[in-house]
Amino acid sequence: MRTKHPRSSRAAGAALAVAAIGLGLAAPAAQAKTTAAAPDIPVANVKAHLAQLQQIANANGGNRAHGRAGYKASLDYVKGKLDAAGFTTSVQQFTSSGATGYNLIADWPGGDTSQTVMTGAHLDSVTGGPGINDNGSGTAGVLETALAVSRAQLKPDKHLRFGWFGAEELGMVGSKNYVNSLSSADRGKISAYLNFDMIGSPNPGYFVYDDDPALEKVFKDYFATLSIPTEIETEGDGRSDHAPFKNAGIRVGGLFSGADYSKTSAQAQKWGGTAGRAFDACYHSSCDTSANIDDTALDHNSDAIAYALWQLSTGTTTPPTGDTYENTTDVTIPDSPGAAVTSSVSVTGRTGNAPAALKVGVNIVHTYSGDLVVDLIGPSGKAYRLHNSSSDSTPNINTTYTVNASTETANGTWKLKVQDKGPQDTGYINSWKLTF
C-alpha cells in the first residue's frame, strides 16, 4: 500500500437490495442453482509463495520494487504458476519514473465476459524492503485462490479475471494504466473488482472495504461464520489499486489487515494482539520479511478471498420475492447490564399495511446467543418478540423470522432491538432486513 495522504472519512450506509441484485446476489433461498462451496485455501501454500518472493528479494538487492530486477522476477514467478494452471495470461507494459513497469493479467477460460469478476493485488514492494506483507500477502492470497480455481476446474457463470499491478507504491500507476487502457464498454463489463493489499499484518485487524454495500456484506457474512467481528476499512482509503476502478465507476470491495495506524485497546480486546502498537510495525521497512506475517490472519483472509469469489461468480441467482430493505451497518451490543441497542430500516413508497407474513432476516454475531433478547419494533412502536433469552449456549443468530405485522403501516421506520441479558459476552448486529 502506498504512503498515506490526507483524506476525508466516510460513514457506512445501509445496503438496499438493488445493490445486491446488480451484482447477482440474492438470499440463499432465492437461488435458482446452488452455489458450489468455496474451498479452504491452504495457508501453507500461500506461505510457500511468500517464501519464493522473499528469495527473489534476497537475490535482487533486498526488494521487489518497480523498475528493479526483483519486480520482474516476481512477475515471472506468478506468471509461470498461472500459465501452468491453464490461465490465459498477458503482460501489460507502462513507463513510470523513467523505468518500465508491468501489469500481469490472467483470465480463466469460460464464463460470461459481460459480467467479469476481477480480483487483484499489487505486486511491487518499496525500494527499502522485500515487501512480504505489503504486498506479498495479497499477491500470494490472490495467486493461491486462482490456483484453487484451476484445481476445482471451476465453471463459473461469470468470467474470472485476476490482476497483479506494478508501481502501486508510486501512486497506483499500474492499476491506473490498466483501467485507462480499457474502453468504456470493457469497463462496463467488470461487475466487481476485489482488492487485497496487506492481509497478513503481524498485529492484525480485520477490515472490510465499505465502498459497495453488497460486496461489503459478502465479506462480513464470511467473517460472521468465524465469529470474527470486522470494522470498516478507512486507513487505506484511496491508497491502493481499488481507487482507479472506483473512480471509473466500477464496484469495488476488499480486505485489509492494517498498516502503520496503532491498534486501539478496543481492537486488541476484539482481535487480540497488542494495543498501542502498529498493525504492521515493519510497514515500508526492511523488516517486512517473511517473518513479518501473522499466519492466522493470512489464513482467514485467503479463505475469505475464495469465499467471495465463489459467491460472486458462480450460481444463477434471481432477486428475492418481494421488496427487501436492509441495514448492514455494524451495531455493537453492550455486555449485560448494558442498554438495548437498535438498528433502523426506513421503508418508503409502499401502500397499505405490512403483510401478515413479514420476513425478518437477522444476522447477529455473538458469543452466547442464549443471552440475547431480540425484538422487531414496528412504525407504531409495537414490539414483536423474535428471540427470547434462554440457556442456549450456541454462538450467533443467523435466521429468518416470520411476523404478523398486518396492523402496522408498511411505510415508516422499523427497528431491530437487541439486548444482552447475561454477563461476559461480546457481539454485534451484523445485518438485518425486511422482505415484504
Side-chain angles (χ1 to χ4, degrees), residues 12-31 34-41 117 119 141 145 158 191-192 194-196 199 205-233 251-257 270-271 297 299-315 317 319-320 324-333 343 345 359-367 369 374 394-401 416 418 427-435:
L16 297 179
V18 66
I21 293 168
L23 288 166
L25 299 175
Q31 292 183 347
T34 301
T35 299
D40 178 78
I41 301 299
V117 176
T119 306
T145 300
K158 299 180 181 68
S191 60
L194 308 178
N195 192 63
F196 303 97
I199 61 170
Y206 290 88
F207 299 98
V208 177
Y209 291 16
D210 67 333
D211 302 87
D212 181 87
L215 295 175
E216 177 188 1
K217 186 176 186 302
V218 171
F219 289 111
K220 288 174 65 176
D221 284 351
Y222 173 74
F223 283 106
T225 68
L226 304 179
S227 298
I228 295 176
T230 61
E231 290 186 9
I232 293 168
E233 198 286 304
R251 290 183 171 116
V252 300
L255 300 174
F256 177 58
S257 56
K270 183 187 303 183
W271 295 319
D299 190 13
H300 289 327
N301 284 317
S302 297
D303 288 339
I305 298 173
Y307 174 86
L309 194 61
W310 259 250
Q311 287 291 313
L312 294 172
S313 63
T314 63
T317 59
T324 299
Y325 303 82
E326 184 170 17
N327 190 333
T328 63
T329 302
D330 290 354
V331 178
T332 300
I333 302 168
S343 174
V345 165
K359 301 297 183 183
V360 187
V362 177
N363 187 328
I364 295 174
V365 177
H366 199 270
T367 52
S369 65
V374 183
T394 60
N396 307 330
I397 297 174
N398 190 2
T399 191
T400 299
Y401 303 92
L416 189 73
V418 183
Y428 61 98
I429 302 172
N430 186 43
S431 65
W432 74 285
K433 62 185 176 183
L434 298 173
T435 302

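Heavy atoms only: backbone and side chains are in, while hydrogens, waters and symmetry mates are out. Along the sequence shown, residues are numbered consecutively beginning with 1.
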Problem - Residues forming a ring-ring contact (aromatic ring centres under 6.0 Å, His included) with Y222, sequence neighbours excluded - result: Y307
Looking at side-chain heavy atoms only, is the closest gap between [X] and [Y] below 4.5 Å?
X: V374; Y: L416; value: yes
X: H300; Y: L226; value: yes
X: L194; Y: L312; value: yes
X: N363; Y: D221; value: yes
X: K433; Y: K359; value: no
X: T230; Y: D330; value: yes

Give me the atom names and distance for the closest heavy-atom approach of [X] to [Y].
X: K220; Y: N430; value: CE-OD1, 3.2 Å
X: T324; Y: T435; value: OG1-OG1, 3.2 Å
X: T145; Y: S302; value: OG1-O, 3.9 Å
X: I228; Y: Y428; value: O-OH, 3.5 Å
X: A38; Y: A306; value: CB-O, 3.7 Å
X: S257; Y: N301; value: CB-ND2, 4.3 Å

Do the side chain of [X] and the main chain of [Y] share a donor and acceptor less than 3.5 angstrom apart?
X: D303; Y: I41; value: yes
X: S369; Y: T394; value: yes
X: W271; Y: P229; value: yes

Exercise for the section: Could you point out which residue of F196, F219, W310 forms a side-chain contact (heavy atoms from CB on, under 4.5 Å) with I305? Expected result: F196
Practice task
In plain terms, say whether R251 and D211 are close enough for a salt bridge, that is, a side-chain N and a carboxylate O under 4.0 Å apart.
Solution key: no
Practice task
Would you check if there is a donor-acceptor pair between the side chains of N396 and S227 at a distance under 3.5 Å?
Solution key: yes
Practice task
Report the C-alpha distance between E233 and V208 in whole Å, list the side-chain angles of each, state the deciding distance to 0.1 Å, and finish with yes or no for side chain to side chain contact (heavy atoms under 4.5 Å, CB included).
Solution key: CA-CA 5 Å; E233 198 286 304; V208 177; 5.9 Å; no
Exercise for the section: Kindly state whether the ring of F256 and the ring of Y209 have centres lying under 6.0 angstrom apart. Expected result: no
